Amino acid sequence: MVLPFSQARRRDRCGGAGLQVPQALAFGRCTHSRSDGHGAAHGDAGMMNTVTNSSSRLALPDALTTTRGVVLMPPDEDSGALMPVLEVLVQEGLTAIALPCPRSDETADDEGADTPQDPSAELTGLMAMYSFRATVGIHGVRTTADAQLAIRAGARFAFCLFPEPGVLDALRVASIPAIVTALTPTEVEQAWQGAVSAVHVRPAEVFGTGYAQGLHELVPDASMIATAQNRAAVEAWLRAGATAVSFGQSLLSRVFLSQDYSALRQRVAEMVSAVKSA
């Protein structure tokens with residue numbers, strides 16, 4: 001049985017046995033940050049904000065860890081288009097959903113009025129509507145303004161893409177688990193040392209399904225959520241010990257144009273089946 005990343009024994013990251021990782025990753029010498037006996041991390045924080053004691057790491061919502069899948073909804077779709085898609089996802093058992101973060105400059109109304117609109121209003125409405133049936137978070141958080149928007153909207157978790165200083169601290173204070181994007185082992189390790197709740201391995205598909213086991217062997221402690229384009233990727237990452245997989249355009253396909261919700265339901269059912277079989 002493969003242990004989850006957070007439970008596996010840490011191996012020597014420079015010389016541990018396992019899959020050969022593509023040279024294109026350019027790991028070079030082992031330069032990962034280390035921690036002392038009190039949990040204080042040393043070394044370059046990279047894309048992290050402040051490095052904190054791992055005891056401050058917030059747990060991911062139960063819905064994400066039990067369903068082992070989360071759907072990242074696309075931007076530029078209004079609530080009228082999103083709702084029937086959300087219905088299919090929830091009915092088929094994918095109840096961890098991340099809505100796109102409205103850009104903080106989306107404040108003017110359609111008529112160019114001087115009074116700005118709150119860009120979180122529609123987001124807040126959707127979250128409130130589905131709060132009893134799903135666990136709804138937000139993705140695309142980059143700035144402190146985005147973090148404050150997520151807090152106001154009541155996000156249950158936040159996917160952060162290259163967050164600026166202060167973002168992770170703001171989310172932590174608000175008890176919102178942060179999931180930070182990374183790809184290479186060095187990036188994943190640096191992100192995990194920042195006491196985030198998980199690392200979003202994106203785009204995981206660029207190195208193929210074999211990368212799942214290879215990355216696990218190099219960074220065994222990190223809780224990871226990997227992008228999955230198909231059933232083979234779902235099974236590879238979850239069997240390697242990933243906490244969950246994320247779904248996006250490959251799952252949703254052209255449903256917003258075709259409105260073919262039956263086809264969407266079939267794709268969702270297949271991915272749920274893949275998660276359960278992993």
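The shown structure was predicted, so the numbers you read here are calculated from the model rather than taken from an experiment.
One distance of note links CD of Glu187 with OG1 of Thr184; it measures 3.5 Å at 0.5 Å rounding. Atom CZ in Arg156 sits 12.5 Å away from atom CD1 in Ile97 (nearest 0.5 Å). To the nearest 0.5 Å, atoms OG1 (Thr181) and CG (Leu161) are separated by 5.0 Å. To the nearest 0.5 angstrom, Ser131 atom OG is 11.0 Å from Leu126 atom CG. To the nearest 0.5 angstrom, Ile225 atom CD1 is 11.0 Å from Thr227 atom OG1. Distance check: Leu89 CG to Leu82 CG gives 10.0 Å after rounding to the nearest 0.5 Å.
One N or O on the side chain of Arg57 and one on the backbone of Trp192 form a donor-acceptor pair closer than 3.5 Å. Although no hydrogens or angles enter the test, the distance criterion places no donor-acceptor pair under 3.5 Å between the side chain of Ser223 and the main chain of Thr243. Side chain of Gln249 to main chain of Ser253: a donor-acceptor pair is present (N/O by atom type, distance under 3.5 Å, no hydrogens or angles). Here the side chain of Ser277 pairs a donor or acceptor atom with the backbone of Ala274 at under 3.5 angstrom. Checked by atom type and distance alone, the side chain of Glu270 never pairs as donor or acceptor with a backbone atom of Arg231 at under 3.5 Å.
Side-chain contact between Ser246 and Val71: absent, with no pair of heavy atoms (C-beta onward) separated by less than 4.5 Å. Considering only heavy atoms from C-beta on, Asn230 stays 4.5 Å or farther from Ser250 through its side chain. Annotation: side chain of Val90 is not in contact with side chain of Leu94 (no heavy-atom distance under 4.5 Å). For the pair Gln213 and Arg239, the minimum side-chain heavy-atom distance is 4.5 Å or more. Using a 4.5 Å cut-off on side-chain heavy atoms (C-beta onward), Pro163 and Val141 make no contact. A heavy-atom distance below 4.5 Å is found between the side chains of Leu123 and Pro102.
A pairwise comparison of heavy atoms in Pro177 and Ala59 identifies CG-O, 3.2 Å as the closest pair. Heavy atoms only, all atoms of each residue included: His139 and Met73 are closest at NE2-O, 2.6 Å. Listed here is the closest heavy atom pair of Pro74 and Pro100: O-CG, 3.4 Å. Shortest non-hydrogen contact noted between Ala153 and Thr124 is CA-OG1, 3.3 Å. Nearest heavy-atom pair, Gln229 versus Ala233, reported as atom, atom and distance to 0.1 Å: N-CB, 4.0 Å. For Pro203 against Leu183, the heavy-atom pair with the smallest separation is O-CD1, 3.6 Å.
Paired with Phe247 under the rule side-chain contact (heavy atoms from CB on, under 4.5 Å), one option of Leu72, Val70, Val234 passes, and it is Val234.
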Check against side-chain contact (heavy atoms from CB on, under 4.5 Å), Tyr130 and Leu86: CA-CA 9 Å; Tyr130 283 90; Leu86 292 173; 3.7 Å; yes
Audit row: Leu215, Met224, side-chain contact (heavy atoms from CB on, under 4.5 Å) steps and yes/no: CA-CA 10 Å; Leu215 185 60; Met224 302 184 202; 3.5 Å; yes
Val180/Val199 under side-chain contact (heavy atoms from CB on, under 4.5 Å): CA gap, chis, key distance, verdict: CA-CA 5 Å; Val180 173; Val199 180; 5.7 Å; no
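Residues Ile176 and Val196 fall within the same hydrophobic cluster, defined by Ile, Leu, Val, Met, Phe, Trp and Tyr side chains chained together at heavy-atom separations under 4.5 Å. Val268 and Trp237 fall within the same hydrophobic cluster, where Ile, Leu, Val, Met, Phe, Trp and Tyr residues are linked whenever their side-chain heavy atoms come under 4.5 Å apart, directly or through other members. By the criterion of side-chain heavy atoms lying less than 4.5 angstrom apart, applied directly or through intervening Ile, Leu, Val, Met, Phe, Trp or Tyr residues, Ile179 is not grouped with Val136; the two fall into different hydrophobic clusters. When hydrophobic clusters are built by joining Ile, Leu, Val, Met, Phe, Trp and Tyr residues whose side-chain heavy atoms come closer than 4.5 Å, directly or via intermediates, Tyr211 is grouped together with Leu218. Residue Val272 is grouped with residue Val85 when hydrophobic side chains (ILVMFWY) are merged at heavy-atom distances under 4.5 angstrom, including chains of intermediate members.
Listed by first and then second residue, the side-chain hydrogen bond (donor to acceptor under 3.5 Å, both in side chains) pairs that reach into residues 256-269 are Gln91-Arg265, Glu92-Arg265, sequence neighbours excluded.
Using modelled atom types, one finds a donor on one side chain and an acceptor on the other under 3.5 Å when comparing Glu122 with Ser79.
Taking the ring-ring contact (aromatic ring centres under 6.0 Å, His included) definition, one finds that His200 meets it with Phe159, sequence neighbours left out.
At most 12 heavy atoms of other shown residues, nucleotides or ligands fall within 6.0 angstrom of atom CG in Asp62. Counting non-hydrogen atoms of other residues, nucleotides and ligands closer than 6.0 Å to CZ of Arg68 gives a total above 12.
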